[in-house]
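This report refers to the structure that appears directly beneath it.
All residue numbers refer to positions in the sequence shown, counting from 1. All ligand and atom numbering here is 1-based and tracks the order in the structure. Only a predicted model underlies this, so the values are computations on that prediction, with no experimental measurement involved.
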Amino acid sequence: MGLKLGEDVPDFTAESTEGKLSLYEFLGASWGIIFSHPGAFTPVCTTELGEVAKLKEEFDKRNVKVIGLTTDKLPQIIDWVKDINETQGCTVNFPIVADSDYAISSMYGMIHPKASTTFTVRSLYIIAPNKEVKLKITYPASLGRNFNEIIRALDGLQLNAEHGVATPANWKQGDDVIVMPTTTTEDAINKFPKGVNVVKPYLRYTPQPE
Ligand code: BEZ
């Protein structure tokens with residue numbers, strides 16, 4: 001269901017809180033995040049959108065553009081944004097797409113009919129600059145997402161894209177990373193001047209590349 005890793009996200013044009021938005025044009029050469037949630041004027045969603053607004057500096061540092069998606073009509077979303085700003089102590093600083101005909105959410109697999117036929121679940125896609133889906137998560141309506149984990153995932157994905165390394169369980173910034181199974185130890189030693197720690201032939205660490 002929905003888009004799969006490695007697929008290109010479909011382009012679309014839609015109304016948003018920042019005017020008409022065309023996905024590919026909006027993203028340009030940046031990384032992207034598109035995330036859905038059940039609807040306007042709902043409590044968990046209010047906290048999620050506030051949290052995303054507060055993390056803008058972190059997204060900017062990583063060259064990531066964020067888009068929210070709501071299946072309400074634009075005037076309602078605009079009214080709701082006032083509440084988000086008031087209650088979450090933020091200024092919503094990313095576009096929220098109004099997908100009131102469910103065209104985008106259907107295309108992106110954000111409706112899970114056994115959960116609800118009327119609202120989108122909490123779907124989130126991380127999109128690489130080449131428009132490829134790099135990560136997808138799906139949470140139910142009752143469970144707010146941990147956006148610090150999304151930032152951590154972005155860091156891991158960007159390390160993989162830039163340096164061809166993998167990240168171990170619970171990896172965090174500054175921890176050692178893992179040499180990909182597709183890299184020979186000889187190549188790894190040449191590629192990673194900070195050194196390679198061979199624990200097993202298949203389990204090799206190197207300090208996080210800069
Ligand atoms: C919420 O965003 O708070 C929510 C929406 C639908 C069901 C449960 C919670």
Side-chain angles (χ1 to χ4, degrees), residues 1-5 9-10 12-21 23 26-27 30-60 62 64-127 133-155 157:
M1 188 191 289
L3 309 177
K4 296 193 171 63
L5 302 190
V9 289
F12 62 78
T13 300
E15 293 302 329
S16 87
T17 48
E18 296 186 2
K20 195 165 270 218
L21 181 148
L23 179 71
F26 175 77
L27 292 178
S30 300
W31 287 72
I33 288 181
I34 181 162
F35 71 107
S36 64
H37 50 87
F41 300 106
T42 52
V44 177
C45 305
T46 299
T47 62
E48 283 196 328
L49 273 77
E51 183 60 22
V52 170
K54 288 183 223 167
L55 286 170
K56 179 171 171 50
E57 206 177 300
E58 297 302 321
F59 292 121
D60 285 351
R62 292 163 176 82
V64 180
K65 292 191 175 169
V66 179
I67 302 171
L69 180 145
T70 303
T71 54
D72 296 278
K73 293 198 184 309
L74 192 56
Q76 277 176 284
I77 302 173
I78 289 170
D79 273 351
W80 179 42
V81 165
K82 292 178 202 153
D83 282 3
I84 299 171
N85 290 342
E86 178 195 325
T87 62
Q88 305 306 303
C90 67
T91 302
V92 171
N93 43 30
F94 56 91
I96 305 171
V97 161
D99 184 40
S100 58
D101 62 359
Y102 298 89
I104 305 163
S105 43
S106 300
M107 196 159 62
Y108 276 64
M110 293 165 164
I111 314 250
H112 292 219
K114 298 253 173 158
S116 169
T117 51
T118 54
F119 62 65
T120 41
V121 293
R122 301 188 193 282
S123 291
L124 181 149
Y125 292 99
I126 295 183
I127 306 163
V133 177
K134 286 292 181 186
L135 175 145
K136 61 185 280 191
I137 60 164
T138 308
Y139 274 37
S142 61
L143 184 61
R145 284 159 285 199
N146 182 337
F147 286 91
N148 292 318
E149 166 59 9
I150 301 303
I151 298 282
R152 191 194 75 92
L154 278 164
D155 286 343
L157 290 168

shortest atom 7 (C) of ligand 1-to-protein heavy-atom contact is with Ala141 CB, 3.5 Å

Taking the side chain as C-beta and beyond, is there a heavy-atom pair between Thr71 and Ser100 under 4.5 Å?
no

Using a 4.5 Å cut-off on heavy atoms from C-beta on, say whether the side chain of Trp31 contacts that of Arg62.
no

Report the nearest protein non-hydrogen atom to atom 3 (O) of ligand 1: residue, atom name, distance rounded to 0.1 Å.
Val44 N, 2.6 Å

In plain terms, say whether Asp79 and Lys82 are close enough for a salt bridge, that is, a side-chain N and a carboxylate O under 4.0 Å apart.
yes

Below 3.5 angstrom, do we get any N/O pair linking Thr42 and ligand 1?
yes

Pro38: numbered ligand 1 atoms lying under 4.0 Å from its heavy atoms
5 (C), 6 (C)

Within a strict 4.5 Å, meaning less than it, do heavy atoms of the Glu51 and Arg145 side chains meet?
no

Which label fits Phe94 and Phe35: parallel for a plane angle under 30°, tilted from 30 to 60°, or perpendicular past 60°?
tilted

Side chain, backbone, both or neither: the part of Arg122 lying under 4.0 Å from ligand 1 by heavy atom
side chain

